[in-house]
Undergrad: 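Provided herewith is a single structure, encoded as structure tokens, for subsequent inquiry.
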Amino acid sequence: MRGVDGSRSPHGSRRLRYDPRPMSGAPADAVLRPSCDPATALDARFRAAIRSITGADADPQIRVSGNAKFGDFQMNAAMSLAKERGTNPRALADEILKATDVSGIASKCEVAGPGFINITLDAAFLAARVDELSKSTTFGIPPASDPHAVVIDLCGVNVAKQMHVGHLRATIIGDSLARVFERLGRTVWRENHLGDWGLPIAMTLAKLIREKADFAKLTLDDLNAAYRGAQKETSTADLDAAYEFRCGPHRIAELEIQYEPARGAMDNAKKTLVRLQSGDPDVVRLWERLIEVTMEQVYEAARTLNVKVGPENNRGESFFRDRLGGVVDAFAKSGLAKSDKGAMVVPFADRERPLLIQKSDGGFLYATTDLAAVRFRTFELDGSLVVYVVDARQRDHFKDVFDAARLIGWNTTADGAESALVHLGFGAVLGADKKPLKTRSGENFTLKDLLDEACERGTAEVTRRAADPNAPTHGLSPDELARIGAAVGIAAVKYADLSGDVTKDYVFDLDRMVAFEGDTGPYLQYAHARIASILAKSGESAAAIAAAPLVLADPAEKALALHLTRYAQMVLDVGRTLETNRVGAYLAQLATLFNGFYQACPVLKADDAAARLSRLRLCAVTRAVLADGLSLYGIIAPERM
RNA sequence: GCGCGCGUAGCUCAAUUGGAUAGAGCAUCGGUCUUCGGAACCGACGGUUGGGGGUUCGAAUCCCUCCGCGCGCGCCA
């Protein structure tokens, strides 16, 4: 089971990175660069100048200026290069600047501070980049160079268990990453590694059979209750402890009698497991019904969340059940696994803790299934990148599994390309008291509770505003308002989660999550709706707007345009770092810059027709980028709200 | 005991991956306001980046150390 309530392993490193093209052999300068980003041209020009001076290929370190007063970009390489050469950084910056041809790109370049080169872009060059971006069907993102697939392990739901707030993260972070890689032109596999096999499921099944439950009418609550009941009635914790602490024979005998029913229930569960494993059609049918009932909630949550997870993504533990023996054999034959106290373990050179892949009773473990899944994902799904969006506490587990996979060479695709195996461990879900929310304590928010609440609050807010006769939403049907309200409420929840560092712990605060003001999902939706409104009111055709020449005269126009051209690089960066919060930061900045532009530059009331059309075009490009960016979070951008 | 992670404004979080004066939102206070959509905009207040030391032109970021909090540690998943 992939449960977010699992009890294993801590965080991944704060900076989660992997080499996106590990064995492709491509030279560094072949790294994808969007041509609509001015930084690409600047990089090429300064790189050439540096090569002419030093004779070496060095990163010119082109960065967006942290402060607008320094211009649009800065080149930072002079300082580190001067250090290597033992020369004066400012003098080297002067030399580089003299040797750089910035004609047609920059209107001003100057050396500042300890050796920065501040660059102000030429307005016409910037306008041309926006023009290029607006004509691109991929928003300027170059075609993917890696033909292999990206595999994303997400959702992590367990059969017979209610989804709770923790599953929100595994689901929407995974889906968002999948959308990013789809935007980058990669083939993406969303893998829902269901906990649908093994003793816990058999225990639940055995209990339901014994109690003659009506499987046709089973609800998820029934399953949940049976799961818990089965766990409880088979527990022999006190007895196990008595053995462990070598209690006297009298005490143990006493407990043996007390726990006789538990032994019986467990025996019964094990017999059910054997029937299930041997393919007994009666048991298999009931087992399938268990999965069906469980998954209904997942599909419903996915619909509500606008997440692309359905039956086609189900590939759970049961899928790998016939491959587990092969996993152990492969490790045994290659000499990587050895017998230890009757169990099979894979030892590691750099640490004490081995990876247990087979129990002394012959049974397989979580790790065995994961190893089978790694092999499937790299060899059969052709994944050169396999991302596991799973609770950060399972870090040690994945470190072991990935290292074992590398030892045996399963981290390669069928054609021999190296696969990056990455655990994206998200932080714990904490309560207002900063303590982890306990699962199965009965009182905690289920995922459904959260989503219902978000949709209700969103609908209430939209309905309240629609009561104003001047509101664009005035007069819409209750159904329509509820549809928009749900989009707003869900946007609030998703944005609150995805716009932070997902590897950090997460304070579950419903009021904050469904806030509609400030740096929120609805703020972005609002900006989108407002732009859509302007475009609709303009009376101009989309074709006329798209063909308008761009004139970037006002600083607010330039600032907005510059940010638009950076969209492609931002998406590439998310693909490289798996940091979904970059999308949110970019979009919030975009909305803020648009609002600044909106404040400073009249659009419909512009002084002349050319400026009006140019500004309408900026609006249109901004709207398109905003909508595409929101789609990377799976957030719907309504025309009115 | 061993291992891992975290610590930034009152609160929730950023910081272009080592760059210039650490930025947003919320909250508080003040302003814009007969509006191209106020779910907005502008401003003020708020910081010894847990403490200390080190590396260098330059550190929230890298190294060491201490403090505090959390997580994990082979026959569950």
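Lettering follows sequence order; numbering is per chain, from 1.
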Undergrad: With respect to the phosphate group of B:U17, does any side-chain polar atom (N or O) of A:Arg63 fall under 4.0 Å of OP1 or OP2?
TA: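 Yes, A:Arg63 has a side-chain N/O under 4.0 Å of OP1/OP2 on B:U17.
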Undergrad: Let me know which of A:Tyr366, A:Phe320, A:Phe319 forms a ring-ring contact (aromatic ring centres under 6.0 Å, His included) with A:His193.
TA: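 The passing option is A:Phe320.
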Undergrad: At less than 4.0 Å, is any side-chain N or O atom of A:Tyr523 found next to OP1 or OP2 of B:C41? Yes or no.
TA: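 Result: yes.
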Undergrad: Using a cut-off of strictly less than 4.0 Å, decide whether A:Lys83 has a side-chain nitrogen or oxygen near OP1 or OP2 of B:G58.
TA: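 Looking at the OP1 and OP2 atoms of B:G58, neither is under 4.0 Å from any side-chain N or O of A:Lys83.
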Undergrad: Yes or no on salt bridge (charged side-chain N to carboxylate O under 4.0 Å, His left out) for A:Asp511 and A:Arg457, after CA distance, side-chain angles and deciding distance?
TA: CA-CA 10 Å; A:Asp511 289 325; A:Arg457 291 204 194 188; 2.8 Å; yes
Undergrad: Look at the side-chain N and O atoms of A:Lys605 and state whether any lies under 4.0 Å from the OP1 or OP2 oxygen of B:C36.
TA: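 Yes.
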Undergrad: On RNA chain B, nearest-nucleotide positions of A:Phe597 versus A:Ala591: which is more 5'?
TA: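 Closest to the 5' end, via its nearest nucleotide, is A:Phe597.
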Undergrad: Heavy atoms only: give me the nearest A:Trp197-A:Glu317 pair and the separation to one decimal.
TA: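 So the minimum-distance heavy-atom pair works out to O-OE1, 3.4 Å.
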Undergrad: Paired with B:G43 by Watson-Crick or G-U wobble geometry, both distances under 3.5 Å: which nucleotide is it?
TA: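 Because both required distances fall under 3.5 Å, B:G43 counts as paired with B:C29.
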Undergrad: Could you tell me whether A:Arg351 and A:Asp396 make a salt bridge, using a distance below 4.0 angstrom between a side-chain N and a carboxylate O?
TA: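 Result for this pair is no, no salt bridge flagged.
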Undergrad: Tell me which nucleotide among B:C4, B:A39, B:G19 gets nearest to the side chain of A:Asn76.
TA: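 Among the listed nucleotides, the one closest to the side chain of A:Asn76 is B:G19.
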Undergrad: Between A:Ala367 and A:Arg530, just flag the one whose closest nucleotide in RNA chain B comes earlier from the 5' side.
TA: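 Its nearest nucleotide lies further toward 5', so the answer is A:Arg530.
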